[in-house]
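Computed over heavy atoms, backbone and side chain alike; hydrogens, waters and symmetry mates excluded. The chains referred to below are lettered A, B, ... by the order of the sequence lines, with proteins before strands, and numbering in each begins at 1.
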Amino acid sequence: MAGNSAVREDDSLLSRLDRKLLKLETILALISGLAVFSLMIFAVVSVTGRNAINQPLPGYVDWIEQVLPVIAFMGVAYTQRHGGHIRMDIVIGLLKGRALWLAEIITVLAMLILMIFLVWGSWAHFDRSFDFAAPLWSRDSSIDIGIPLWPAKLLAPVAFSVLCLRLVLQLWGYTRAFITNDPAPVAVPLIQSAAEQAQEEALHVSDLNTGKGQ
Amino acid sequence: MEPITIGLIVSAVMLLMVILGMRVAFAAGLAGFLGLIWIFWAKKNYGIDDFGWALTVAAKTAGQVPHSKVTTQALSLIPTFILIGYLAYYAGLTQALFEAAKRWIAWVPGGLAVSTIFATAGFAAVSGASVATAAVFARIAIPEMLKIGYDKKFAAGVVAAGGTLASLIPPSAILVIYAIIVEQDVGKLLLAGFLPGVFSAIVYGALIIGMAMMIKGFGPPVKGFTWKERFESLPPALPILVVVATIILFVYNPFGGDAWGTPTEGGAIGAFVVFCMALWRGMRWPQLKDALLETAKLSVMIFTIIWGVLIYVRFLGFADLPGAFSDWITGLEQSPMLTLVFILLAYAVLGMFMDAIGMLLLTLPVVYPAVMALNGGEFVSAADSTFGMSGPMCAIWFGILVVKMAEFCLITPPIGLNCFVVAGVRDDLSVQDVFKGVTPFFIADAVTIALLVAFPMIVLWLPMQAVG
Amino acid sequence: TEWNVSVWGKRRAFTEHVERLAELVSEKTNGEFTMNISYGGLSKNRENLDGISIGAFEMAQFCAGYHRDKNPTITVLELPFLGVNTLAEEVAVSHAVYGHPAVQADLARWNARLLMTSPMPQYNIVGTGEARDELGEFDGMRVRATGGIGKAFEAVGGVPTSVTATEAYNAMESGVVDTVAFAQHAHLAFRTIDIADWWTENLNPGTVNCPVVVNTDAYDALSDSEREALDSSVDEAITHYLENYGELLARWDGILEEKGVERVTLSEGELAQFRATAADPIREQWITDMSAQGIPAQELYDLVQSTLAAQRN
Ligand code: NA
Ligand code: NA
């Protein structure tokens with residue numbers, strides 16, 4: 001039920017905005033991927049340091065805890081753009097036409113409402129750890145080597161704001177589809193049967209396989 | 001209204017939203033947020049002027065959760081385990097494993113199918129996800145089985161079932177998620193998955209050998225490999241052993257003495273080993289970029305569902321629903337073992353309709369404390385407990401049972417994801433065909449689960465060694 | 001009135017005063033004022049102050065060293081080698097510091113009002129292998145210690161390594177750290193004593209300060225009789241805590257013997273050298289840094305010392 005969905009494109013304003021936002025989302029997602037890569041590097045430095053010269057990477061755990069929000073949040077809109085956040089589509093998969101678009105409108109609207117409140121709440125969380133008057137602007141720091149926490153906390157409201165933009169675009173797309181009764185609208189992930197999704201996933205795996213150069 | 005009633009109503013609303021197709025992470029988050037508003041407002045007796053306060057407190061409480069909960073060191077295992085799996089493709093490990101398994105094991109009755117099972121078990125040692133394993137082996141193993149006359153449906157079933165091993169044999173993303181939700185030691189859980197994973201593979205293998213001996217026209221054994229050919233097949237598969245050894249040595253040093261580090265370091269170092277291997281096999285920036293983007297997408301999906309569900313869990317904490325549920329479970333007048341069996345059966349039913357990670361995340365916050373209470377509490381000693389194992393050991397045992405249960409659901413209709421994946425790879429197979437082919441493996445899994453329930457030592461022996 | 005109280009871990013000596021306070025308050029108000037103590041269900045321990053500030057729950061426990069920047073003033077109590085010898089002294093100096101206007105202003109930013117402390121004995125270390133009873137042997141030692149204590153070990157060549165209390169056992173077992181600094185109850189609760197070969201009985205490098213605070217608005221909203229019940233129960237709750245902890249300390253020798261843990265005594269000369277290397281520079285640095293932020297650091301430190309002197313007379 002995970003996986004990607006196809007997103008159609010044309011040269012309408014909506015689709016152009018969709019692709020513009022996608023560029024931003026892709027950059028953010030790549031940052032998230034590079035952050036995963038950095039976990040590997042941190043571990044290699046820490047383990048070699050500890051075992052070879054008895055000098056572990058100072059604050060190894062603190063650094064991991066700064067990297068995790070980068071991985072967790074930066075790609076959140078990118079994943080939504082591709083329909084990659086899992087859901088149960090047994091019921092929604094049975095719907096067609098306007099009924100389907102209405103159901104999508106309702107769930108996307110519910111998500112948007114949640115995310116607006118979470119932008120507020122996570123901003124407040126950041127704000128409590130941030131103080132222009134304090135050294136390094138920090139009102140909260142990591143337990144071991146005292147890294148200021150506000151940059152990592154700021155990632156949540158920033159990434160969630162991008163997700164809100166994405167949700168607004170999707171809401172627009174679904175609403176337009178509802179009004180025009182378009183069977184294949186642009187800028188929204190189109191629902192696929194589980195079998196189609198699996199096929200796409202399998203294709204992706206085979207791409208990876210052929211890419212290995214054997 | 002009592003907080004517990006609020007808890008039940010909000011939980012029902014959440015399930016409804018999930019069934020209606022809202023993305024699970026956000027359905028859980030929204031339910032938790034609405035529940036928090038309700039709890040805080042109820043505290044002020046629903047005064048009109050107090051709604052704004054309740055809304056503010058709820059938004060700020062929910063807004064803490066994403067950052068607060070993803071900054072858990074053990075969670076770094078999830079992206080590193082996923083990255084290992086993607087890099088393993090570029091390192092050429094899958095084909096090498098299948099070739100080695102074929103040359104060494106395929107001489108037994110039903111040999112090629114047995115080889116496939118053990119090759120998937122081997123790949124499980126670098127892959128953290130079942131679906132990916134099934135997809136890879138559907139391409140490599142099914143054509144070879146068809147070539148020598150296996151039934152098409154059965155060949156597909158072998159691959160779908162073999163894929164499930166990836167979630168028990170470490171590394172396993174789903175075991176890490178379990179460990180984090182229930183706040184148990186990740187390293188011990190990963191160790192605990194090893195024997196049941198191997199055990200499952202052996203049960204699958206025995207089933208295939210049995211079928212091959214009873215059924216006429218079953219795929220023939222593959223003989224005639226020389227010892228030279230056998231040994232030649234080993235070096236390309238060797239990196240798997242290096243990764244396994246790395247992860248194990250970082251969790252528990254079987255030679256005595258200190259382990260080399262923590263599980264989180266072990267996962268990252270394991271990824272580094274595969275990364276070097278893939279570089280050596282010709283992976284360059286475009287492929288690496290692809291692997292990183294895919295890793296990011298899958299990690300984000302999992303992290304989002306984690307923080308979304310944890311907003312709901314934070315609300316449950318205020319509603320004290322887990323406490324109430326475990327009081328109810330422990331108050332039942334039937335044997336605790338029967339209760340446990342019912343809980344596992346409930347997972348089987350739920351798993352028919354839900355994805356494994358979503359299912360565990362949504363249910364464990366309520367079910368896990370109840371199971372622990374059933375055993376006599378989180379800190380009970382083995383002697384005083386219901387199931388004859390200490391609190392931490394019970395947590396591990398139950399974890400392996402539910403994960404095995406969730407994996408079982410990957411091959412059951414109507415939503416057996418592994419079967420969809422295999423059917424998706426093979427144009428000549430329908431989903432129904434694969435479900436038919438995988439049916440014998442239900443029986444094998446039912447036997448395995450029954451044995452794991454009856455003989456907990458299969459699960460607990462290895463982690464107990466690590467306790468020292 | 002019903003209050004939610006956020007603590008963490010499991011019920012242990014460290015939370016006994018909170019449990020007792022809840023009993024007392026309920027008794028005194030005939031069940032009108034109750035406290036619902038949650039072990040980790042309402043917040044992460046490092047975010048209890050955030051929860052208080054939001055108003056999500058009314059009472060919470062936290063440790064100053066978890067987030068120095070959130071509560072800079074209280075970290076005076078976590079300076080190494082303050083010279084506090086008993087739990088009663090720890091209570092006296094803590095409550096004196098909590099009463100200082102600068103400290104109250106610091107916590108007022110979180111809408112928090114300091115109610116009482118959770119006194120803990122000195123964070124002596126346990127280790128495996130050869131006992132380390134000379135300062136030279138601390139060189140290169142990987143030690144699990146936070147805050148000022150970590151800094152103290154660093155000053156003599158140790159390598160403070162950050163693992164949470166719950167991970168300490170695994171870290172020690174796997175050799176990620178060589179030693180762990182904890183109070184006695186935590187060596188028991190987190191089982192580091194089970195794998196230890198030795199324990200320093202007189203290193204006494206310092207301790208961690210963990211106050212219990214209440215949300216100011218919730219406190220002000222209490223009826224007079226409820227507030228009276230709360231305020232009047234603090235001393236009794238602390239007394240109960242001290243008795244309970246005292247029993248644990250009395251059992252400590254037996255526990256060491258039972259687990260086969262050697263008591264390590266450092267000579268007075270070694271200790272004096274440790275203090276000279278660690279205590280003075282760290283304190284000076286602390287006073288400089290805090291004064292730069294406009295905190296009356298010297299005054300707070302002097303308050304600790306004068307309270308200690310008064311307590312001993
Ligand atoms: Na695996
Ligand atoms: Na299923």
Side-chain angles (χ1 to χ4, degrees), chain A residues 1-2 29-30 32-34 36-37 39-40 42-44 46-47 51 61 64-65 67-69 71-73 75-76 78-79 82 84-92 103 107 110-111 114 117-118 120-125 152-153 156 194-195 198-199 201-202 205-206 208-209 211-214, chain B residues 18-26 29-30 33 59-60 62-64 66-67 70-71 73 75-76 79-80 83 86 89-90 92 131-132 135-136 138-139 261 265 268-269 271-272 275 281-282 287 292-293 295-297 299-301 303-305 353-355 358 415 417 420-421 423-425 431:
Chain A
M1 290 176 290
L30 194 58
S32 161
L34 288 170
V36 179
F37 193 78
L39 286 179
M40 232 162 66
F42 275 124
V44 172
S46 177
V47 171
N51 292 319
V61 176
I64 300 283
E65 290 187 354
V67 171
L68 280 170
I71 299 171
F73 301 140
V76 70
Y78 179 83
T79 308
H82 291 88
H85 291 293
I86 58 166
R87 65 168 166 185
M88 252 181 80
D89 40 20
I90 298 186
V91 174
I92 211 165
T107 55
M111 280 177 70
L114 171 71
F117 279 106
L118 284 184
W120 173 23
S122 58
W123 174 267
H125 191 53
K153 287 185 179 176
Q199 178 135 27
E201 232 165 81
V205 165
S206 70
L208 286 171
N209 264 344
K212 77 189 170 198
Q214 288 189 324
Chain B
V18 169
I19 290 168
L20 289 181
M22 188 162 170
R23 305 203 179 258
V24 174
F26 301 91
L30 186 61
F33 174 55
K60 289 181 174 178
Q64 272 186 300
H67 175 269
V70 305
T71 48
Q73 190 204 351
L75 275 177
S76 71
T80 46
L83 185 63
Y86 280 112
Y89 300 124
Y90 297 108
V131 177
V136 175
R139 297 208 156 253
E265 288 171 340
I269 299 286
F272 185 71
F275 169 71
R281 295 289 294 250
Q287 294 90 352
L292 289 179
L293 263 179
T295 304
K297 206 163 68 183
S299 305
V300 165
M301 188 272 276
F303 275 113
T304 307
I305 198 171
F353 306 100
M354 276 196 80
D355 159 274
I415 312 287
L417 210 53
F420 285 139
V421 167
V425 173
V431 174

Can you check whether A/V67 reaches B/S76 side chain to side chain, under 4.5 Å on heavy atoms? no
Could you tell me which portion of A/L30 (side chain, backbone, both or neither) has an atom closer than 4.5 angstrom to a non-hydrogen atom of chain B? both
Which heavy-atom pair separates A/H125 from B/G63 by the least distance, and what is that distance? CB-O, 4.1 Å
Taking all atoms of both residues into account, what is the closest heavy-atom pair of A/T79 and B/V300, and its distance? OG1-CG1, 3.4 Å
Working to the nearest 0.5 Å, report the span between CD1 of A/I92 and CD1 of B/I19. 13.0 Å
Kindly indicate, with the supporting measurements, whether the criterion ring pair (Phe, Tyr, Trp, His ring centres under 6.0 Å) is fulfilled by A/F73 and B/F303. CA-CA 8 Å; A/F73 301 140; B/F303 275 113; 8.3 Å; no
Please work out whether the ring planes of A/F117 and B/F33 are parallel, tilted or perpendicular, with thresholds of 30° and 60°. tilted
Top residue by heavy-atom pair count (under 4.5 Å) with chain B, among A/T107, A/V36, A/V47, A/L114? A/L114
Closest non-hydrogen atom pair, B/H67 against A/P69: CD2-CG, 3.9 Å
Below 4.5 Å, heavy atoms only, C-beta onward: do A/L34 and B/L292 meet side chain to side chain? yes
Select one option (side chain, backbone, both, neither) describing which atoms of A/A124 are under 4.5 Å from chain B's heavy atoms. side chain
According to salt bridge (charged side-chain N to carboxylate O under 4.0 Å, His left out), who are the partners of B/K60, at least two apart in sequence or on a separate chain? none
Let me confirm one number: the NZ-OG distance from B/K297 to A/S32, rounded to the nearest 0.5 Å. 12.0 Å
One option among B/P79, B/S299, B/A25 has the most heavy-atom pairs under 4.5 Å with chain A, and it is B/P79
Pairwise distance OG1(B/T295) to CD1(A/I71) - rounded to 0.5 angstrom: 10.0 Å
Measuring heavy-atom distances to chain A, does B/L83 have an atom under 4.5 Å in its side chain, in its backbone, in both, or in neither? side chain
Minimum heavy-atom distance B/A296-A/G33, with the two atoms named: CB-N, 3.7 Å
Sub-4.5 Å side-chain heavy-atom contact between A/S46 and B/E265: yes
Name all residues meeting the side chain to side chain contact (heavy atoms under 4.5 Å, CB included) criterion together with A/V44; count only those two or more places apart in sequence or in a different chain, and write none if there are none. A/T48, B/I269, B/F272
Looking at side-chain heavy atoms only, is the closest gap between A/H85 and B/I305 below 4.5 Å? no
Testing the basics here: between B/L293 and A/A29, what is the closest heavy-atom pair and its distance to 0.1 Å? CD2-CB, 3.7 Å
Find the one option among A/A156, A/G75, A/A103, A/A72 whose heavy-atom pairs under 4.5 Å with chain B are most numerous. A/A72
